[in-house]
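Take a look at the structure below.
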Amino acid sequence: MDRDELLRLMSDLESDRVERTTSTTNTDKFAEAICAFANDLPQHRQPGVLFVGVDDKTGKPTGLEVTDRLLQNLAGIRSDGNVQPIPTISVSKHSMPGGDVAVVEVRPSDLPPVRYKGQVFVRVGPRRAIASEAEERILTERRVAQARTWDARPCFDATLEDLETDLFLAGYRQYAIDREVLEENHRSLEDQLAALRFFDPKRACPTNAALLLFGKDPLYFVPGAYVQYVRYGGLSLADEPLRERRYAGDLVSIMRSLDQLSEDLAEAHPIAGEGLSERTVYAYPPKALHELIMNALIHRNYEGSTTPVSIRHFDDRIEILSPGGLFGDLTQEQFPHGTSYRNPILAEAAKTLGFVNRYGRGIAIAQSELAKNDSPEARFEPAANYFLVIVAERP
């Protein structure tokens, strides 16, 4: 937005597109506001704006010093995983009459309802509120018409009978929804699944994400939805395979199994440290492998692909090959510093279940773990239709 538009919104005390605050540390308040604007219940289809350093009663700046740290903290709300799915925001500093102001612009989400710590917030006139069941249903139905990613789309050939619903009810739901909301829940299974982007109420069928995460037989609908591990007895694909394993089933079980694989491949051993101390090093740091394998599983192309994620283990390296190149407007020049999510619902599920800690940090964490282990950096070779990661064994 230009400065004139921001000035107009900042001084409009009745707008449901604006929230003003003098606080610089109330992360909950900031995140709830971002969540509410992303849900766009009034359907303005325009950004909502959070002004930090502006008096809510007068609409005037308070003379706040807008520091880089404050801007970084505001921007960090996008990727800390508490607002689900990931909101689209921009954070900037503006000089207004009366002082500087931190401005957070929030675009309406393509995948509502958006939750903060398991609760859905909306704007009701000039105030923020927790959404009612009816308001959540409105947001869910609205999403159906604008879902753009493959994991959000309905699978027309599937029904609820194709889901292992206990995986959702007794597992995923407990982590995704605030406890108080669950205790007050009177909604049908279909409505509960729809609220978390796993069911299309208009077409009465599960989404692709639901079939991957909770499906009784995901491979029937998505033939490439498995992981192939092969240990070769040498340095190339021409060498004899020594071990093979196929990881298939619901995606939650696959992620748990791959966690164990990361531990199995680590090969820990002690080395001498300072004095008489010892420290543990790994052929392959398990946390680095975990992050890279999770990235391959979550961000791969599932649509129309019969190719699995491939983990190829050689004498001197591990290669992780996933179908699909860089997604969206992310270029090789921007990688690995930019982010673009091919499967945002799967990314949300991995964060909800604790398989990833923050968004957009997997590669940085992996490289940090490799450095601490005195291992070479991971190498990345993105191409048009695949993405290859090479992790060298510690010398």
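V281 belongs to a hydrophobic cluster whose other members, connected by ILVMFWY side-chain contacts under 4.5 Å either directly or through intermediates, are I271. Side-chain heavy-atom separations under 4.5 angstrom define the hydrophobic clusters, and the remaining members of the one that includes V18 are M1, L6, L7, L9, M10, V49, F51, V54, M96, V101, V103.
Shown are P206, P154, C155; of these, the side chain to side chain contact (heavy atoms under 4.5 Å, CB included) with D200 is made only by P154.
Contact check on R379 versus E319 returns no salt bridge, with no Lys/Arg side-chain nitrogen under 4.0 Å from an Asp/Glu carboxylate oxygen. The pair D40-R45 does not meet the salt-bridge criterion, since no charged nitrogen lies less than 4.0 angstrom from a carboxylate oxygen. Using a 4.0 Å cut-off between charged side-chain N and carboxylate O, R361 and E291 make no salt bridge. We find that E32 and R128 are joined by a salt bridge, their nearest charged nitrogen and carboxylate oxygen being less than 4.0 Å apart. The existence of a salt bridge linking R20 and D56 is confirmed by a sub-4.0 Å separation between a basic side-chain nitrogen and an acidic carboxylate oxygen. Note on D178 versus K117: no salt bridge recorded, every NZ/NE/NH1/NH2 to OD/OE distance being 4.0 Å or above.
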Y220 and D162: side-chain contact (heavy atoms from CB on, under 4.5 Å), yes or no, with the steps?
CA-CA 10 Å; Y220 178 81; D162 293 303; 6.0 Å; no
One pair to check against side-chain contact (heavy atoms from CB on, under 4.5 Å): S262 and I293. What are the steps and the verdict?
CA-CA 8 Å; S262 297; I293 291 172; 3.8 Å; yes
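At distances below 3.5 Å, at least one donor-acceptor pair connects side-chain atoms of R317 with backbone N or O atoms of L235. Under the 3.5 Å distance criterion, the side-chain polar atoms of E135 are matched with a main-chain donor or acceptor of S132. In this structure a side-chain-to-backbone donor-acceptor pair under 3.5 Å is missing from R123 to R17. Listed for the N39 side chain is no donor-acceptor partner under 3.5 Å among the backbone atoms of A36. With R342 contributing its side chain and H299 its backbone, the two residues share a donor-acceptor pair below 3.5 Å. Within the 3.5 Å criterion, the main-chain N or O of R8 finds a donor-acceptor partner in the side chain of S11.
The side-chain contact (heavy atoms from CB on, under 4.5 Å) check on D151 picks up T149, A209, N343, P344, I345, L346, with sequence neighbours excluded. Remark: N385 pairs with no residue by the side-chain contact (heavy atoms from CB on, under 4.5 Å) rule, at least two apart or across chains. In terms of the side-chain contact (heavy atoms from CB on, under 4.5 Å) criterion, residue partners of S375 (sequence neighbours excluded) are, by chain and number, P285, L370, N373, R394. For E303, the side-chain hydrogen bond (donor to acceptor under 3.5 Å, both in side chains) test picks out R153, with sequence neighbours left out. Residues meeting the side-chain contact (heavy atoms from CB on, under 4.5 Å) test with L189, sequence neighbours left out: L160, T165, F168, L169, L193. Partners of Y226 under the ring-ring contact (aromatic ring centres under 6.0 Å, His included) rule, at least two apart in sequence or in another chain, do not exist in this structure.
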Per-pair distances, 0.1 Å, donor-acceptor, side chain in residues 57-67, under 3.5 Å, sequence neighbours excluded:
{"unit_1": "T58", "atom_1": "OG1", "unit_2": "D55", "atom_2": "OD1", "d": "3.4"}
{"unit_1": "T58", "atom_1": "OG1", "unit_2": "K60", "atom_2": "N", "d": "3.3"}
{"unit_1": "T62", "atom_1": "OG1", "unit_2": "G53", "atom_2": "O", "d": "3.3"}
{"unit_1": "T67", "atom_1": "OG1", "unit_2": "L70", "atom_2": "N", "d": "3.1"}

Side-chain donor-acceptor contacts of residues 347-354 below 3.5 Å, not counting sequence neighbours, with atom names and distances?
{"unit_1": "E348", "atom_1": "OE1", "unit_2": "R197", "atom_2": "NE", "d": "3.3"}
{"unit_1": "E348", "atom_1": "OE1", "unit_2": "R197", "atom_2": "NH2", "d": "3.1"}
{"unit_1": "E348", "atom_1": "OE2", "unit_2": "R197", "atom_2": "NH2", "d": "2.7"}
{"unit_1": "T352", "atom_1": "OG1", "unit_2": "E348", "atom_2": "O", "d": "2.9"}

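Looking at every heavy atom in both residues, T207 comes nearest to A152 through CG2-O, 3.5 Å. Annotation for T306 and P223: closest pair CG2-CB, 4.1 Å, computed over non-hydrogen atoms. Residues F37 and E19 share a closest heavy-atom pair of CZ-N, 3.6 Å. What you find for A296 and V309 is that their closest heavy atoms are O-CG2, 3.8 Å. The two residues F156 and R203 make their nearest non-hydrogen contact at CE2-CD, 3.0 Å. In terms of heavy-atom proximity, S109 sits nearest to P85 at OG-CG, 4.4 Å.
Sparse packing is recorded around CD of E180, with 12 or fewer heavy atoms of other residues, nucleotides or ligands lying under 6.0 Å away. Atom CD of E5 has more than 12 neighbouring heavy atoms from other residues, nucleotides or ligands inside a 6.0 Å radius.
At a threshold of 4.5 Å between side-chain heavy atoms, the hydrophobic network of Ile, Leu, Val, Met, Phe, Trp and Tyr places I298 and V83 in two separate groups. Residues V389 and L258 are members of one and the same hydrophobic cluster, defined by side-chain heavy-atom contacts under 4.5 angstrom among Ile, Leu, Val, Met, Phe, Trp and Tyr. No path of Ile, Leu, Val, Met, Phe, Trp and Tyr side chains, each step under 4.5 Å between heavy atoms, connects V356 with I77, placing them in separate hydrophobic clusters. Hydrophobic clustering places Y175 together with V181 (ILVMFWY residues linked when any side-chain heavy atoms are closer than 4.5 Å, directly or through intermediates). In the hydrophobic clustering of ILVMFWY residues, with side-chain heavy atoms under 4.5 Å counting as a link, L163 and W150 come out together.
Between F30 and T21, some side-chain heavy-atom pair lies under the 4.5 Å cut-off. Between L213 and F198 there is a side-chain heavy-atom pair separated by less than 4.5 Å. Under the 4.5 Å side-chain criterion, counting only non-hydrogen atoms from C-beta, F380 is in contact with I363. Looking at Y232 and R312, their side chains come closer than 4.5 Å, going by heavy atoms from C-beta outward. The shortest distance between side-chain heavy atoms of I34 and K29 does not fall below 4.5 Å. Looking only at side-chain heavy atoms (C-beta outward), V122 and L139 come within less than 4.5 Å of each other. Within the 4.5 Å cutoff, the side chain of L212 has heavy atoms near those of the V222 side chain. Residues P376 and P395 have side chains in contact (heavy-atom distance under 4.5 Å, counting atoms from C-beta outward).
For the atom pair CG (L50) and CG (L74), the distance works out to 7.0 Å, reported to the nearest 0.5 Å. Separating the CG atom in L211 from the NZ atom in K216 is a distance of 11.5 Å, to the nearest 0.5 Å. Remark: T25 OG1 to N73 CG distance equals 10.0 Å, nearest 0.5 Å. Note: R78 CZ to I89 CD1 = 7.5 Å, rounded to the nearest 0.5 Å. Within the model, atoms OG1 of T307 and CZ of R300 stand 7.0 Å from one another, a figure rounded to the nearest 0.5 Å. For the atom pair CZ of F214 and OG of S253, the computed distance is 11.0 Å after rounding to the nearest 0.5 Å.
Contacts classified as ring pair (Phe, Tyr, Trp, His ring centres under 6.0 Å) and involving residues 245-285 (residues at least two apart or in different chains) are given here: Y284-H313. Sequence neighbours left out, not one pair with a member in residues 243-266 passes salt bridge (charged side-chain N to carboxylate O under 4.0 Å, His left out).
Defined by atom type and a distance below 3.5 Å, a donor-acceptor pair is present between the side-chain atoms of Y116 and D28.
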